[in-house]
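Below is one structure; the comments refer to it alone.
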Amino acid sequence: MAGEEIGLEDMLLLRERRADLQHSLLQRPGCACVVCLTMNIAGPVKRTPMTDLFFDEGRRKIAAVLTGLSLDWREERLEAAAGLTACYCCGGDPVTVKRSMILLEEESRAARLWDIDVLYGLGQKVSRAELGVPERRCFLCGNPAVGCARSRRHTVEEMWAYTTEVLWAWYVERQAESIGMMAQRALLHEVAVTPKPGLVDRNNNGAHRDMDFFSFLDSACVLRPYFARCARWGLEHAEVLPEEGLPSLQILGMQAEEEMYRITSGANTHKGAIFSLGILSAAAGILAAQGGTEKDAWHLGNLAGRIAGGQAGQKGARASAANGYAREISMLKKFRQCRLDTGSWNRELVEMLLQIMGEVEDTNLLRRGGEEGLAYVRRAAGNLLRNGSCSLAEVEALDQHLIQRNLSPGGSADLLAILCFLHFWED
């Protein structure tokens with residue numbers, strides 16, 4: 001929320017530029033009205049990185065509404081230290097457009113910071129009074145905003161504190177939901193990959209009798225709020241040592257497991273992913289709280305490793321986490337090159353799964369088939385990729401062999417989901 005202080009002259013100059021832009025847009029053929037977006041920011045600082053972010057959120061929402069109203073529109077912007085302006089020249093009835101903009105201004109607590117005018121004719125504004133809509137209320141006391149502004153009932157410091165609080169709450173929610181969706185997307189992509197030897201995919205249930213493709217869809221959907229909660233924890237505890245976060249995340253994880261078992265009637269679809277993607281989501285939240293500038297997987301994995309803490313003697317998901325997902329991050333380059341070679345997202349993920357199966361000590365395979373079963377799968381997967389690639393028919397044949405031997409490389413599937421998450425984070 002740091003920014004440059006500006007003076008009255010800067011504000012007046014921007015106001016003149018804005019009026020000129022609005023006037024010129026209203027003169028354009030086919031322009032029935034102009035929608036003008038600005039920000040309600042009290043005090044001498046009118047722009048900060050956070051206010052600019054929220055301004056862009058308003059731009060996206062206005063564009064979506066105008067498009068949803070089937071209106072032709074064109075955006076023009078003004079940028080100055082005294083504030084940002086976005087004007088939309090569009091067709092359509094000004095009253096209808098204003099009603100939609102009022103709904104945007106009232107959709108959330110933070111939306112009160114948007115000021116969206118609709119102008120027509122020679123520059124007249126469609127007022128709330130014309131539509132029988134109550135005038136806007138003050139941030140702090142709920143009285144008519146115009147009266148509070150004129151009487152200067154509240155101090156600049158009070159208004160600034162409110163603005164900071166509201167924008168931070170918006171940012172936390174926005175980032176947490178985005179990260180939660182990223183984790184869910186990784187799970188959905190992983191289960192959709194077909195064929196997957198011994199695993200549930202769109203063709204069959206693999207070496208499983210208690211779950212199917214739809215079980216995984218249900219599980220991925222019910223877990224999305226959990227991943228968002230982990231990200232929110234990271235956003236709200238960025239100043240806490242990452243090593244201190246594991247107990248809190250474990251409590252969230254226990255609740256998520258219960259939700260998973262409830263929706264799948266007791267099937268363990270994503271227990272490993274709950275741990276791994278939960279920690280990665282928390283790490284992503286911490287980085288987002290710090291400004292979101294470190295978008296490479298190395299920073300994310302390193303932070304996740306610190307959250308996981310010491311996992312001496314552990315195998316599988318916990319060992320990978322403690323190691324900062326170094327092996328998975330090292331695979332990202334292959335991951336992207338594979339896509340360039342295959343030209344297919346599904347094919348890329350199939351081949352990456354085979355590479356993982358051929359390299360890792362999958363604890364799921366150890367439980368089901370012991371050392372012999374693990375060695376068989378690693379050897380078979382390696383053979384398929386011996387010449388750099390293989391046919392999907394060969395993968396389907398391996399799928400049948402693993403089903404017959406009741407072997408399921410579930411740990412490898414979890415690592416594939418982690419790779420997807422890391423890729424989405426960097427992308």
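The figures that follow rest on heavy atoms only: side chains count, while hydrogens, waters and symmetry mates do not. Here the structure is a predicted model, which means the values were calculated and not measured.
Within the structure, the ring-ring contact (aromatic ring centres under 6.0 Å, His included) test picks out the following pairs touching residues 236-265 (sequence neighbours left out): Trp233-His237. Identified under the ring-ring contact (aromatic ring centres under 6.0 Å, His included) test for residues 36-68, with sequence neighbours left out: Phe54-Trp114, Phe54-Trp170. For the side chain to side chain donor-acceptor pair (under 3.5 Å) condition, the pairs that include at least one residue of residues 262-271, sequence neighbours left out, are Ser219-Thr269, Ser219-His270, Glu259-Arg262. Contacts classified as salt bridge (Lys or Arg N to Asp or Glu O under 4.0 Å) and involving residues 212-223 (residues at least two apart or in different chains) are not found. Among residue pairs with one or both ends in residues 395-413, those qualifying as side chain to side chain donor-acceptor pair (under 3.5 Å) are Asn204-Asp399, His208-Ser408, Asp362-Ser412, Arg368-Asn406; sequence neighbours excluded. For residues 369-388, no residue pair satisfies the ring-ring contact (aromatic ring centres under 6.0 Å, His included) rule, not counting sequence neighbours.
The side chain to side chain donor-acceptor pair (under 3.5 Å) check on Thr155 picks up Glu158, with sequence neighbours excluded. Legend: residues meeting side chain to side chain contact (heavy atoms under 4.5 Å, CB included) with Leu69, ordered by chain and number and at least two apart, are Val65, Leu71, Ser100. Taking the side chain to side chain donor-acceptor pair (under 3.5 Å) definition, one finds that Asp72 meets it with nothing, sequence neighbours left out. With sequence neighbours excluded, the residues that form a side chain to side chain contact (heavy atoms under 4.5 Å, CB included) with Arg128 are Ile102, Glu105, Glu106, Val133, Arg136. Qualifying side chain to side chain donor-acceptor pair (under 3.5 Å) partners for Arg379, counting only residues two or more places apart in sequence or in other chains: none. With sequence neighbours excluded, the residues that form a side chain to side chain contact (heavy atoms under 4.5 Å, CB included) with Leu241 are Glu243, Glu244, Arg306.
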- Starting from the C-alpha separation in whole Å, work towards a yes-or-no answer on ring-ring contact (aromatic ring centres under 6.0 Å, His included) for Tyr162 and His154. CA-CA 11 Å; Tyr162 175 88; His154 309 293; 9.9 Å; no
- Message: Assess the residue pair Arg327 and Ser320 against the criterion (side-chain hydrogen bond (donor to acceptor under 3.5 Å, both in side chains)); give the C-alpha distance rounded to whole Å, side-chain angles, the decisive distance to 0.1 Å, and a yes or no.
- Response: CA-CA 8 Å; Arg327 177 180 54 206; Ser320 292; 3.2 Å; yes
- Item | Audit row: His299, Trp425, ring-ring contact (aromatic ring centres under 6.0 Å, His included) steps and yes/no | CA-CA 11 Å; His299 279 92; Trp425 170 257; over 10 Å; no
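For the pair Val191/Phe213, a side-chain contact is recorded, criterion being any heavy-atom separation below 4.5 Å from C-beta on.
Atom CZ of Arg209 is surrounded by 12 or fewer heavy atoms from other residues, nucleotides or ligands within 6.0 Å. Other residues, nucleotides and ligands contribute more than 12 heavy atoms inside 6.0 Å of the CZ atom of Arg202. No more than 12 heavy-atom neighbours from other residues, nucleotides or ligands sit within 6.0 angstrom of CE on Met11.
Distance alone, capped at 3.5 Å, is enough to place a donor-acceptor pair between the Lys46 side chain and the Ile41 backbone. The backbone N or O of Pro409 sits nowhere less than 3.5 Å from a side-chain atom of Lys196 that would complete a donor-acceptor pair. Not a single donor-acceptor pair under 3.5 Å links the side chain of Glu5 to the backbone N or O of Val45.
By the 6.0 Å and 45° rule, Arg185 stacks over the aromatic ring of Phe424.
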